[in-house]
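Order of the sequence lines sets the chain letters (A, B, ...), proteins ahead of strands, with each chain counted from 1.
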2 protein chains.
Amino acid sequence: MSLTHIQSFVAVAEEGHVGRAARRLHLTQPPLSRHILALEDELGAQLFERTPRGMRLLPAGEAFLQHARRILAEVDAAVHTVRGVGSERSEP
Amino acid sequence: MSLTHIQSFVAVAEEGHVGRAARRLHLTQPPLSRHILALEDELGAQLFERTPRGMRLLPAGEAFLQHARRILAEVDAAVHTVRGVGSERSEP
DNA sequence: ACGCGTTACGTATCACGTAAATATC
DNA sequence: GATATTTACGTGATACGTAACGCGT
């Protein structure tokens, strides 16, 4: 499991479409599709239903989405916090 | 930034020692040391003070540690949740 | 036939481990 | 000189993109 895979998952979940998500992430479809397959394989559960129109979240996917968003938010918070603390050298 | 780097950081923070953390992670020192350096580079802040006895957390490192633990806990929760939901196929 | 996701495959990048270097006591 | 981290360097694994495929409408 990697943060990249999680970001990919969230993008596909939000777009409901691998192609659009790929463009949003500045990536091509195949690697993005592989991210999702790797996640599903690692979790041992199908996260999306493949329809002719795109990708629909399954219950397991909805559950994962909530955690995925919190993970990414926490990573963001970590970065901002450290950058804040890190710049506290000598106050101007 | 990767989950591996974050795990490495937590291990070093807890052990205060790259060598011990490396053994705990079943890894050698060099890659582990590089994980920390990569994190510090990416965050633009020094996380540890290098002493002859090992590694001591700096304020920025302490701040990051809290977030790091929450990230890893959230990842764990995500995995367990999905595995739980995923096994709800047809109840036995 | 079209639009979607996936698989095949070749190449560039990344990440490891062994070995050597650097630094502090 | 011993113990700690870090850099050098060679090799195996990863991950991308292009192209070809499979499937349903």
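Look at R50(A) and you'll find a side-chain N or O under 4.0 angstrom from OP1 or OP2 of dT6(C). Between dC16(D) and H35(A), a contact under 4.0 Å exists linking OP1 or OP2 to a side-chain N or O. For the OP1/OP2 pair of dT6(D) and a distance below 4.0 Å, the side-chain nitrogens and oxygens of S33(B) include at least one atom meeting the criterion. For the OP1/OP2 pair of dG3(C) and a distance below 4.0 Å, the side-chain nitrogens and oxygens of H17(A) include no atom meeting the criterion.
Note: CD (Q29(A)) to C1' (dT7(C)) measures 14 Å, nearest angstrom. Between the CD atom of Q7(B) and the P atom of dC16(C) there is a distance of 12 Å, rounded to whole Å. Nucleotide dG17(D) holds its P atom 14 Å from the CZ atom of R23(A), rounded to whole Å. The interatomic distance linking I36(A) (CD1) with dC16(D) (P) rounds to 12 Å, in whole Å. Here dA15(D) presents its C1' atom at 15 Å from CG of L25(A), a figure rounded to the nearest Å. For the pair L27(B) CG and dT5(D) C1', the interatomic distance rounds to 15 Å; values are reported in whole Å.
One N or O donor and one acceptor, one from the side chain of R34(B) and one from the base of dG17(C), sit under 3.5 Å apart.
For P31(A), whose side chain is taken as the heavy atoms from C-beta onward, the closest listed nucleotide among dC16(C), dG17(D), dT18(C) is dG17(D). Between dT18(C), dG17(D), dT6(C), one nucleotide has an atom nearer to the side chain of M55(A) than all others, and that is dT6(C). Here the side chain of L37(B) is nearest to one of dC16(D), dT7(C), dT7(D), namely dT7(D). In the set dT5(D), dT18(C), dG5(C), the nucleotide with an atom closest to the side chain of V18(A) is dG5(C).
The structure places CD1 of I71(A) at 6.5 Å from CE of M1(A), a figure rounded to the nearest 0.5 Å. Put simply, CD1 on I6(B) and NE2 on H67(B) are 11.5 Å apart, with the number rounded to the nearest 0.5 Å.
Between S2(A) and P52(A), the one whose closest nucleotide on DNA chain D sits nearer the 5' end is S2(A).
Heavy atoms of other residues, nucleotides or ligands lying less than 6.0 angstrom from CZ of R56(B) number 12 at most.
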